[in-house]
Protein chains: 2
Amino acid sequence: MEQLSERKMKILQAIVANYLETGEPVGSRTISKFTDLSLSSATIRNEMADLEESGYIEQPHTSAGRIPTDAGYRVYVDQIMKEREAETEELRQEKEGLLERVDRMELMLKQVVKVLAYNTNYATMITAPQYREVHVKFVQLSMVDDEHVLAVIVTEGNIIKNQMIEVSEPIANEDILKLSVLVNSFLQGAALRDINIEMIQTMKGQAGIYDRFLDQILEAVVGAIKEADERQIYTSGATNILKYPEIGDEEKTSVLLEAFEEKEMLNELVDETLSSEDTGIQIYIGDEAPVKNMKDLSVVTATYELQEGAKGTIGIIGPKRMDYKKVVDTLKKLTIELDEIFNNKNKSKGDET
Amino acid sequence: MEQLSERKMKILQAIVANYLETGEPVGSRTISKFTDLSLSSATIRNEMADLEESGYIEQPHTSAGRIPTDAGYRVYVDQIMKEREAETEELRQEKEGLLERVDRMELMLKQVVKVLAYNTNYATMITAPQYREVHVKFVQLSMVDDEHVLAVIVTEGNIIKNQMIEVSEPIANEDILKLSVLVNSFLQGAALRDINIEMIQTMKGQAGIYDRFLDQILEAVVGAIKEADERQIYTSGATNILKYPEIGDEEKTSVLLEAFEEKEMLNELVDETLSSEDTGIQIYIGDEAPVKNMKDLSVVTATYELQEGAKGTIGIIGPKRMDYKKVVDTLKKLTIELDEIFNNKNKSKGDET
DNA sequence: GTTAGCACTCATTATCAAAGAGTGCTAACA
DNA sequence: TGTTAGCACTCTTTGATAATGAGTGCTAAC
């Protein structure tokens with residue numbers, strides 16, 4: 001894509017801005033009045049023909065106005081991001097306070113997506129903060145009743161998992177204690193990939209008659225780590241998608257809604273976001289998004305960070321002609337606020353799953 | 001509604017059955033051929049006029065066939081339920097095995113709704129089994145690190161909740177033990193309403209210098225009970241609703257989908273089902289359902305029971321012209337299967353939230 | 001380089017007629 | 001008295017045709 005003259009740039013911006021607002025193809029006359037360039041519609045028409053040739057805009061049909069192509073959106077969005085960069089510091093001062101502080105992480109995240117969906121009128125998602133690799137902090141065993149041993153596994157970042165283990169006969173308290181010491185000596189600080197056959201063999205050798213419980217305990221620990229590793233995704237406002245007729249075509253709609261319901265598809269999006277170097281706000285227009293069937297949709301993502309270094313992703317999914325300015329601003333404010341909540345005032349980090 | 005003659009009954013059944021299949025208003029000629037009554041369309045027309053007057057069917061407009069009213073559906077559905085009653089025993093033998101056995105309750109429920117949605121092509125929901133009143137089994141306290149005490153609360157039915165309590169200074173191990181004994185002596189077997197000011201006062205009196213932690217511990221316990229009490233609702237296939245054009249009208253669709261997303265509305269449905277005497281399968285046609293905006297939808301619910309006496313609800317929501325026979329059969333099979341899984345072969349009841 | 005003017009294209013909308021489905025009613029029939 | 005054939009009538013659906021209007025591309029003049 002060649003460099004655009006300043007005038008062409010202005011016209012392109014005007015076209016996109018106008019299209020975002022109205023959703024209708026925009027014609028030369030509109031631009032002629034809309035901008036401060038004071039040019040006649042004929043001149044605009046010439047420029048528009050050039051812009052079309054360069055691939056920034058297109059006509060739905062011969063006798064219609066122009067709409068932006070993905071490339072056109074790209075130019076517009078890049079411009080916005082440049083403008084918005086300076087303002088981040090300002091926003092930090094503002095403190096609108098979108099969020100109420102709540103104790104349990106789970107409730108907090110649910111609140112975030114709801115607030116976001118309500119404020120933007122798009123579909124939103126957020127993942128719980130995640131560690132690259134989950135390490136065991138300690139394991140605690142105790143008899144619940146004659147047939148059940150409770151294993152509590154605490155991982156880095158104070159995420160807690162329980163697992164109930166059924167046993168055929170009661171185990172004496174001191175034996176539980178011994179087992180507990182043994183298990184912890186091996187598992188403290190271990191990540192999933194540290195638990196190998198060799199380790200298990202050694203443990204079993206030292207466990208004596210209780211070696212057969214070890215399997216179950218280990219299974220529980222592995223299960224717990226995996227569960228902590230499992231990505232929790234919260235969503236809200238998926239039905240907002242229905243509000244935008246340009247996406248309407250039954251198929252796409254239901255494909256996306258299904259994705260929101262089952263949530264698996266959203267994982268790809270999160271992977272992409274997290275793997276990117278840029279931890280700020282990223283915008284994917286149409287097929288740019290690492291998800292199939294996004295032809296008419298755009299995604300804006302942001303990353304937030306928990307104090308212990310766990311990262312989470314926030315995503316907003318809306319029509320390609322979404323209000324990018326507002327979305328970017330809202331996301332910026334929100335990540336700033338989350339930052340403050342997690343890093344300054346974390347009075348209680350609550351439980352999990 | 002007066003008693004219907006056998007012939008009118010047959011015609012009504014035929015009309016409803018035909019309408020369920022095609023979705024089109026059904027005319028007299030169709031019925032004349034469809035049934036084994038061998039009557040001319042003119043005769044059918046006369047009978048239909050009567051049925052319309054009695055309020056079982058209606059015409060969308062003068063020159064169209066008839067469609068069932070809610071009363072008409074009711075008659076049809078009652079008939080089905082009567083027929084199906086005898087078959088339950090048969091079904092019990094069949095053992096189709098819709099479900100794979102999985103350990104964690106959460107995964108099991110997710111599987112159930114998915115299987116159900118997949119089999120029926122309607123929107124489905126299930127609640128986790130719930131106790132009328134949650135009782136504490138025991139509380140376990142332990143220091144995680146110098147600033148955190150972990151409280152593990154186990155309730156009836158082996159539902160486990162954790163709560164991390166932040167403390168300003170380390171507490172000695174023996175003190176934790178003392179506190180633990182104290183707390184358990186009061187809270188074991190307690191339900192939410194048992195925890196009153198009097199009890200708290202007495203506990204504080206006996207807690208000595210640690211009385212200030214008691215508040216936090218109690219808060220944690222109450223929080224845990226409340227969380228265990230919170231109704232978990234799993235849903236699937238909400239987008240199936242979009243497949244049925246007769247509901248299409250933007251509003252209703254998005255109202256219902258939102259309900260599925262936020263899940264609050266579904267609580268009313270569950271309340272109604274659980275409060276009903278009849279624990280079998282219940283069918284709500286259109287506005288009969290205890291939920292607003294159900295004009296074009298029907299709900300079929302069933303109750304299942306966990307061994308400890310906790311009950312859960314399964315619901316299927318589809319268009320008023322859903323395939324009631326299939327839905328009822330599927331639900332019957334499923335509850336039988338759940339029954340078996342929970343009551344015979346419960347090898348591990350897993351964890352919660 | 002800019003602009004006015006004009007012919008041309010194409011989607012949208014309205015109007016109208018024809019077709020078809022189904023009814024209600026009447027009169028004839030068993 | 002219940003059943004049926006016949007027919008006029010109603011109302012939706014479909015298709016064709018024409019009118020409208022927005023917007024363009026191109027040419028010629030400024």
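FYI, side chains are in, hydrogens and waters are out, and symmetry mates aren't considered; it's all heavy atoms of this structure. What you are looking at is a predicted structure, and each value in this text was computed from that prediction instead of being measured. Chain A is the first sequence line, chain B the second, and so forth, proteins listed ahead of strands; every chain is numbered from 1.
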Can you figure out which of [options] approaches the side chain of [X] most closely?
| X | options | value |
| --- | --- | --- |
| A:Leu39 | C:dT9, C:dT23, C:dT3 | C:dT3 |
| B:Arg66 | D:dT3, C:dT23, C:dC10 | C:dT23 |
| A:Ser40 | D:dT10, C:dG24, C:dA4 | C:dA4 |
| B:Asn46 | C:dT2, D:dT4, D:dC11 | D:dT4 |
| B:Ala42 | C:dA21, C:dT9, D:dT4 | D:dT4 |

Exercise for the section: With DNA chain C as reference, determine whether A:Pro60 or A:Ser38 sits nearer its 5' end, using the nearest nucleotide of each. Expected result: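 Result of the comparison: A:Ser38.
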Exercise for the section: Inspect the surroundings of CZ in B:Arg29 and state if more than 12 heavy atoms from other residues, nucleotides or ligands are less than 6.0 Å away. Expected result: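 Count not over threshold, so no.
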Handout entry: Any N/O donor-acceptor pair, A:Arg45 side-chain to C:dG5 base, under 3.5 Å
Key =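 Answer yes: a donor N or O sits under 3.5 Å from an acceptor.
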Practice task
Report which part of the nucleic acid A:Thr43 touches: base, sugar-phosphate, or nothing (heavy-atom distance under 4.0 Å, all strands).
Solution key: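 Base contact.
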Problem - Touch class at under 4.0 angstrom, heavy-atom based, for B:Ser41 against every strand present - result: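 Here B:Ser41 touches no strand at all.
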Practice task
Find out whether A:Val299 and A:Leu269 are in side-chain contact, i.e. whether some heavy atom of one side chain is under 4.5 Å from a heavy atom of the other.
Solution key: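 Yes, close enough: below the 4.5 Å cut-off.
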Handout entry: Side chain to side chain, B:Ser28 and B:Met48, heavy atoms closer than 4.5 Å
Key =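 Yes, at least one pair of side-chain atoms sits under 4.5 Å.
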Handout entry: Ion pair B:Arg74/B:Asp78, N-O distance below 4.0 Å
Key =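 Counted as a salt bridge, because a side-chain N and a carboxylate O are separated by less than 4.0 Å.
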Practice task
Using both distances under 3.5 Å as the test, list the Watson-Crick or G-U wobble partner of D:dA8, or none.
Solution key: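 Because both required distances fall under 3.5 Å, D:dA8 counts as paired with C:dT23.
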